[in-house]
Each structure stands twice: as structure tokens, then as C-alpha cells.
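Beneath this line is the structure, given in C-alpha cells, with notes to follow.
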Amino acid sequence: MTPPEVRSGDVLHLSRTASVQFIRPITVRVIRVLADWHTYHGWVWIDAYELNAAGDAVRRRTLFLMPAGARRLAQRDRPAGAVLPQGGRGRRLRPVGTR
């Protein structure tokens, strides 16, 4: 069985099954998979935003994890009926922690 593929936009719940570093489980939204970072078979490096209970990004993180141990929480696509801000282009967001 092949591990689930991690993609940009995925919302993942990470606990000790994904890596021993997650003693306290966290929820993240994947920014990108760092495919050019070499690692062990079945593991990946990702850039992600850590999310709080309300789903807001509170911290940017680079994480090493086993996708087979991650639990996917939401679809990557925008929910049906979601409306873009006026003009249809969306807002430009800065990474968490920058001015």
C-alpha cells in the first residue's frame, strides 16, 4: 500500500503516528511539499501553517513527517458557494509573522 500523497492546501491533523515530534497534536495547512529535500522512504518535508482551533494560521513551520500517519481533515478545494472578495482576485496574504 502506498502512503497518501500530501499536496498544497491539505489540512492535516498531526500526532505521534505522523512523527514522534508531535507529542502535542497539531493541525496544519500544507503550503508546499519540499520534494527536493532528500529523506527516508515514506517520509516528507513540508512547509505549513499551524492552525488554531478557529482554523486561523498562527505560525509557519517546516515539518518532517510520515504521511501514512497524518489524518486529512478537509478537502483542498474551496468549498462550494465560497465567494472571492470583490474583483475576483482575492487578497494577497503575507506569511504569518511578517509585517
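For the pair L51/V11, a side-chain contact is recorded, criterion being any heavy-atom separation below 4.5 Å from C-beta on. Inter-residue side-chain proximity for W45 and L63 is flagged as unmet; no heavy-atom pair is nearer than 4.5 Å. Under the 4.5 Å side-chain criterion, counting only non-hydrogen atoms from C-beta, P67 is not in contact with E5. Inter-residue side-chain proximity for I46 and R61 is flagged as unmet; no heavy-atom pair is nearer than 4.5 Å.
Under a 4.0 Å N-O distance rule, the pair R29/D10 does not qualify as a salt bridge.
Listed for the T17 side chain is a donor-acceptor partner under 3.5 Å among the backbone atoms of G69. Distance alone, capped at 3.5 Å, is enough to place a donor-acceptor pair between the S8 side chain and the I31 backbone.
The CD1 atom of I26 lies 9.5 Å from the NE2 atom of H13; values are rounded to the nearest 0.5 Å. Here NE2 of H41 is found 11.0 Å from OG1 of T39. Values are rounded to the nearest 0.5 Å.
Across every non-hydrogen atom of D47 and R60, the tightest pair is OD2-NH2, 3.6 Å. In terms of heavy-atom proximity, A48 sits nearest to V30 at CB-CA, 4.1 Å.
In this structure, F64 and W43 have parallel ring planes: the angle between them is below the 30° cut-off, well short of the 60° mark.
Criterion: ILVMFWY side-chain heavy atoms under 4.5 Å apart, direct or through other members. Under it, M66 and W37 are part of a common hydrophobic cluster. Cluster annotation: F22 is not connected to L34 through the hydrophobic network of ILVMFWY side chains, with a link wherever side-chain heavy atoms come within less than 4.5 Å.
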| said: Apply side chain to side chain contact (heavy atoms under 4.5 Å, CB included) to residues T27 and L73 and explain how you reach the verdict. | reply: CA-CA 9 Å; T27 302; L73 297 179; 3.7 Å; yes
